Amino acid sequence: MTLLLLFCTLVLILQMTSGEKYKVWGEEGIGVTLPCYLSPQVVKDNLRHLHKGLEIHWVRHGGSSSMKRHLVLKVKPSGLKSLAHSMMRRVTVWDTGFLKGNFSLQINPLLKEDAGTYEAHVSHGNKDWHCLVELGLVSVTAHPSRPLIESESVRLNCKSSHPGNPTNASSYGSNPAYH
């Protein structure tokens, strides 16, 4: 069953769109990474500065107004981290990744209410970078839900929190179906 869930989750592939905006799909109860990377050239040009004095803000857009922003995680230049109460013990960034230009946010476990648009602002001195990530949730159910016998058929139903269709669908077997 876990392999079936993993397969369907992988069907909904991480996609990069124009303007540094990412779409990420995750399954409730499982961990997910919201990507935010500096280009290799920016990392090379700023390597001496990436280990100290950084300020990172991850916010989630939403609420009663689509423009309203809620703090998820903040890393001050001193290294002190502040977290939203609802995200306590569920979010982190890899401090060791900063030297490689990796400011990605990990959420584990993912909850239904985590779906939405996230934005990261990374600043050092007078330099600013930002990433925009749309996080959707996917649920996968297998029919039949009991353990399967080899060569027995199984139907996977994938549902997502976003109205758009997956960007890629594939299947292993003799009768692949694309939706």
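Note that these values count all heavy atoms, side chains included, but never hydrogens, waters or copies made by symmetry. Everything quoted here is computed from the prediction, not taken from an experiment.
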Novice: Which heavy-atom pair separates Phe98 from Val93 by the least distance, and what is that distance?
Specialist: CZ-CG2, 3.8 Å
Novice: Quick one: do Arg90 and Asp114 satisfy salt bridge (Lys or Arg N to Asp or Glu O under 4.0 Å)? Show the steps, please.
Specialist: CA-CA 11 Å; Arg90 294 193 311 116; Asp114 292 334; 2.8 Å; yes
Novice: Given the rule in the side-chain contact (heavy atoms from CB on, under 4.5 Å) test, do Trp25 and Leu137 qualify, once you have shown the distances and angles that lead to the verdict?
Specialist: CA-CA 6 Å; Trp25 301 84; Leu137 264 68; over 6 Å; no
Novice: What is the distance from atom CG of Leu54 to atom NZ of Lys127, rounded to the nearest 0.5 Å?
Specialist: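 Atom-to-atom, Leu54:CG and Lys127:NZ are 11.5 Å apart.
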Novice: Walk me through whether Asn157 and Val140 qualify under side-chain contact (heavy atoms from CB on, under 4.5 Å).
Specialist: CA-CA 6 Å; Asn157 289 329; Val140 182; over 6 Å; no
Novice: Consider only side-chain N and O atoms of His121 and Asp128, and report whether a donor and an acceptor are under 3.5 Å apart.
Specialist: no
Novice: So Trp58 and Val133, do their side chains get closer than 4.5 Å, heavy atoms only?
Specialist: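 Of all side-chain heavy-atom pairs linking Trp58 with Val133, at least one is under 4.5 Å.
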Novice: Find out whether Leu38 and Trp129 are in side-chain contact, i.e. whether some heavy atom of one side chain is under 4.5 Å from a heavy atom of the other.
Specialist: yes
Novice: Side-chain donor-acceptor pairs under 3.5 Å in residues 73-86, sequence neighbours left out?
Specialist:
unit_1, atom_1, unit_2, atom_2, d
Ser78, OG, Leu80, N, 3.4
Lys81, NZ, Asp95, OD1, 3.0
Lys81, NZ, Asp95, OD2, 3.3

Novice: If you look at every heavy atom in Gly26 and Leu135, which pair is closest and at what distance?
Specialist: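 Heavy atoms only, the tightest pair is N-CD1, 4.4 Å.
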Novice: In the structure I gave you, are the side-chain heavy atoms of Val24 and Glu134 within less than 4.5 Å of one another anywhere?
Specialist: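 No; the side chains remain at least 4.5 Å from each other.
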Novice: Mind listing the closest non-hydrogen atom pair of Leu71 and Val59 along with its distance?
Specialist: CA-CG1, 4.1 Å
Novice: Distance only, no hydrogens: is a donor on one side chain within 3.5 Å (strictly under) of an acceptor on the other, for His61 and Glu119?
Specialist: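 Glu119 and His61 do have a side-chain donor-acceptor pair below 3.5 Å.
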Novice: Which pair of non-hydrogen atoms, one from Leu148 and one from Glu152, has the smallest distance, and what is that distance?
Specialist: CA-OE1, 3.6 Å
Novice: Can you tell me how far apart NZ (Lys112) and OG (Ser139) are? Round to the nearest 0.5 Å.
Specialist: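 These two atoms lie 8.0 Å from each other.
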Novice: Could you list the donor-acceptor pairs under 3.5 angstrom formed between side-chain atoms of residues 102-111 and any protein atom two or more places apart in sequence or on another chain?
Specialist:
unit_1, atom_1, unit_2, atom_2, d
Asn102, OD1, Ser104, N, 2.9
Asn102, OD1, Ser104, OG, 2.8
Ser104, OG, Cys36, N, 3.1
Gln106, NE2, Ser104, O, 3.3
Asn108, OD1, Gly31, N, 3.4

Novice: Shortest non-hydrogen contact from Ala142 to Leu156?
Specialist: CB-CD2, 3.9 Å
Novice: Distance from Lys21 atom NZ to His130 atom NE2, nearest 0.5 Å?
Specialist: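 Those atoms lie 10.0 Å apart.
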